[in-house]
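These notes are about the structure you will find just below.
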Protein chains: 2
Amino acid sequence: MISLSEVHDVALRFLGSHDQRYTANRRLIVQALAMADAPLTIDGVTETEPMLALSSTYRNLAVLEEAGVVHRIVTSDDHARFELTEDVTGAHHHHLVCTDCGLVLDVTLPDELEDLLHQSLEAAAKENSFAGAHHRIDLIGLCQSCKP
Amino acid sequence: MISLSEVHDVALRFLGSHDQRYTANRRLIVQALAMADAPLTIDGVTETEPMLALSSTYRNLAVLEEAGVVHRIVTSDDHARFELTEDVTGAHHHHLVCTDCGLVLDVTLPDELEDLLHQSLEAAAKENSFAGAHHRIDLIGLCQSCKP
DNA sequence: GAAGATTTCGAGACTCATTCTCGCTTGCCC
DNA sequence: GGGCAAGCGAGAATGAGTCTCGAAATCTTC
């Protein structure tokens, strides 16, 4: 597990290479995401750090996303969720998504499987003239509290 | 490839078991989705079948989704897209998603890979007390027309 | 370290995809 | 064929997310 100060270092570097400052607000957002054990909604972020204004949080999350520090997760639930990117945390992972409450949990898969997948997807991308950046796997189901 | 009339048969059955009628409008929507070679946005559906009112299309897509006939795909793009479910088409597949224009294309993966994946995801679900229904794999990248 | 330039902040207005409302139409059942 | 439940559709309402713009913070240059 990567330390909080390392996360801040990476964020600073990423923002720097996009001509963006690492302001106090952005720091708070990154910290909130780093401490959370699951991707957070905007409300989740502002509840964790109540000093943050809603509009600034939206703006700064967009800046952080642009700089590759955070990643936006959109589910059928109508609040987007945010997490630090793999480039920041160093951990490739996927998601369990609850269709009922929208909860998102992180999971990792065996490396061999990831390799196989990567090869297949690469081939599929080439076949369809897609410039493939990365893949995303979600297991869609019901979380513990939403189970019947 | 499954025929259009088979698609309608399945849709009829699915709706029936949810105490829903298979009305002319719903038929048009299913037909539009069946003929399209990629998931359609709401606008895409109403453009294909201009007789459809917007509000009715939204309502009927919700009904069809509830009945398991269509599936909603949400990307960062701010129009949801719809396609027939695998239960209707009989074809398990995944998506290439363009981060720029939101285009979604269908791809299939080798069966062995799907099997491996299924096992791993099943295990991950159990570990997190998730009742897993199905998985979703997206390759995120840039489509031919959005490539730099 | 002060003046000016530039960036960020935040409260509220605004946008627009989606959902809701409600009177009208359709079609099913006896 | 009358009654009634379901579906229809135009427009209003909702609300997540974006934009605006004056104020505050931060950087730059001397």
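Reminder, nothing fancy here: chain letters follow the sequence lines and each chain counts from 1. The analysis underlying the following values was restricted to heavy atoms, covering all of them including side chains, and did not include hydrogens, waters or symmetry mates.
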Between CG of A/L28 and P of C/dG10 the distance, given in whole Å, is 10 Å
Which atom pairs link the protein and nucleotides 11-13 of chain C when you take only N or O atoms and keep those under 3.5 Å?
from	atom 1	to	atom 2	distance (Å)
C/dA11	N7	A/S55	OG	3.0
C/dA11	N6	A/S55	OG	3.3

- request: Could you check if a side-chain atom of A/T85 sits within less than 4.5 angstrom of a side-chain atom of A/E65, using non-hydrogen atoms only?
  value: no
When rounded to whole Å, the CZ to C1' distance for the pair A/R26 and D/dA25 reads 12 Å
Note: for B/R21 and B/A80 on DNA chain C, the residue whose nearest nucleotide lies more 5' is B/A80
Side-chain contact check for B/N60: nearest option of D/dC8, D/dA16, D/dT26 is D/dC8
Taken to the nearest whole Å, CD/A/Q20 to P/D/dC27 is 14 Å
B/H79 atom NE2 is separated from D/dG17 atom P, nearest whole Å, by 16 Å
d(B/I137 CD1, B/L113 CG) to nearest 0.5 Å is 6.5 Å
Between OH of A/Y58 and P of C/dC9 the distance, given in whole Å, is 16 Å
| request: Name the nucleic acid region contacted by B/A62, choosing base, sugar-phosphate or nothing; use a 4.0 angstrom heavy-atom cut-off, strictly under. | output: nothing
The reported gap from CG in A/D100 to SG in A/C143 (rounded to nearest 0.5 angstrom) is 7.5 Å
message = Tell me if a side-chain donor or acceptor on A/R27 pairs with a main-chain N or O of A/Y22 at a distance below 3.5 Å.
response = no
Rounded to whole Å, CG of A/D43 lies from P of D/dG15 at a distance of 13 Å
*Look at B/N25 and D/dG9 and indicate whether a side-chain polar atom (N or O) is within less than 4.0 Å of OP1 or OP2.*
yes
Residue pair B/D19/A/I42 against DNA chain D: nearer the 5' end by closest nucleotide is B/D19
Exercise for the section: Please work out whether the ring planes of A/H135 and A/H92 are parallel, tilted or perpendicular, with thresholds of 30° and 60°. Expected result: perpendicular
- Under 4.0 Å: is that the gap between some side-chain N or O of A/T23 and OP1 or OP2 of D/dT26? no
NE2 of A/H79 to OG1 of A/T75, rounded to nearest 0.5 Å, is 10.5 Å
In whole angstroms, the gap separating C1' of D/dG9 from CE of B/M51 amounts to 12 Å
Taking the side chain as every heavy atom from C-beta outward, state whether B/D106 and B/E83 have any pair of such atoms under 4.5 Å apart. yes
Rounded to whole Å, the CG-P distance (B/L61 to D/dG7) equals 15 Å
